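Right, one structure below, let's go through it.
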Amino acid sequence: MNGRKVLFISLLGFLVLAFGWGVAQATISIDVNCTMKPGGSEEVAIKKFKEIVEKESDGRMKVKMFMSGQLGGEKAQVELLKQNQTQMALSGGSYLNWCAKDFDPITIPFYLTNWECVQAYMSGPLGQKIRELSAEKGNLVLFDVQKRGPRHTTSNRKIVEPEDIKGLKIRMPPFPIWVDVWSSLGAQCTVIPPTEIYLAMKTGQVDAHENSLVSPYSRKLWEVQKYVILTGHIHFPWHWLASKQWFDKLEAKDQELIRKAVKAAVQVGNAIEDEKDAFYVKELKAKGMEFITPNRAAIRKAAWPAVMKHVNNLNPEVAKEIEKVCK
């Protein structure tokens, strides 16, 4: 009898351990990386994703957020996904240059005129082509794009007409297309790291820069800049990405939950981004910056030859699709 009890207890212990091990094995860890600091629409969206995934998986999925580029810059983050070392990222669009360069009109300034145009393009057949190429060439799953405020221009001189841009010393990120298009307008472009923008303006190295409105607000550029010029020259979204190798191994129900959570996160992020942009306008005006609506049509017309040079480098179907969806 005692032997049977010992055997029963041993078997029970084994089953408990085996069950616990099985639960541990079923737990799915999801690291989500982003280069932006906490406090913006990006963090709000990732938190919404985390909330939905963890709640609807009954805690079987655990989401960990890495903000402020804790795991490296955008290129490093995408490399981690490609190598299946992390699971997900809310990333910029630089990966398109490696995976789907011929189908990326979004990176060209003064081409796609509003956010709705970006959404329509990415939701259409060529957006699907980008997803296919991202999977094939980059081991990436592209779920959706999330709104980032339009990029405008800050300057120490008024800009209304194309002629006002001639000779403008403007800071640029290291995107050759951007430098080329702005140079065609007569601007003197200087590539400067983001961390040096304020100092470059303070010392007179440049007298303008272009970015979304969070840039002049977070960098306190009202101390070194007078005007916000509402050029709205590019709508450069965030991209929800995952490692394809990791995602393909998930069960269908878990894949569906992640897609559902991303969709909800994008909706929240888009709404918060609009709220943030309105807040930045109010605060920057309160700090003394003057907002100017330039002659956008004239500036776009002046930039058009350079814009079309880059459009013509894309797949011919891109221009046809943009003409269709960007009325």
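Basis for what follows: all heavy atoms, side chains included, without hydrogens, waters or symmetry-related copies. The model shown is predicted, which means the values in this text are computed figures rather than measured ones.
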- Query: Which word best sums up how the rings of Trp182 and Phe110 line up, parallel for under 30°, tilted for 30 to 60°, or perpendicular for over 60°?
  - Reply: tilted
- Task: Would you sort out whether His209 and Thr154 count as a side chain to side chain donor-acceptor pair (under 3.5 Å), showing the intermediate values?
- Result: CA-CA 5 Å; His209 100 306; Thr154 67; 2.7 Å; yes
- Query: Is the Trp222 ring parallel, tilted or perpendicular to the Tyr217 ring (thresholds 30°, 60°)?
  - Reply: tilted
- Checking Arg171 side chain against Tyr198 main chain: does a donor-acceptor pair fall under 3.5 Å? no
- Query: Within a radius of less than 6.0 Å around NZ of Lys82, do more than 12 heavy atoms belonging to other residues, nucleotides or ligands occur?
  - Reply: yes
- Note on the structure: In this structure, CG of Asp164 is separated from CD1 of Ile299 (nearest 0.5 Å) by 7.5 Å
- Would you say Asn33's side chain and Phe66's backbone share a donor-acceptor pair under 3.5 angstrom? no
- Task: Could you tell me whether the side chain of Asn295 and the main chain of Val160 form a donor-acceptor pair under 3.5 Å?
- Result: no
- Task: Verify the ring-centre separation between Tyr121 and Tyr111: is it less than 6.0 angstrom?
- Result: no
- Output yes when a side-chain donor or acceptor of Gln87 lies under 3.5 Å from a complementary backbone atom of Asp31, and no otherwise. yes
- Could you tell me whether the side chain of Gln146 reaches within less than 4.5 Å of the side chain of Pro237, counting heavy atoms only? no
- Message: Would you say that Ile197 contacts Val206 through its side chain, given a criterion of any heavy-atom pair below 4.5 Å between the two side chains?
- Response: no
- Query: What is the ring orientation for Phe236 with Trp178, classed by angle as parallel under 30°, tilted 30 to 60°, or perpendicular over 60°?
  - Reply: perpendicular
- Quick one: does Arg296's side chain have a donor or acceptor within less than 3.5 Å of a partner on Leu230's backbone? yes
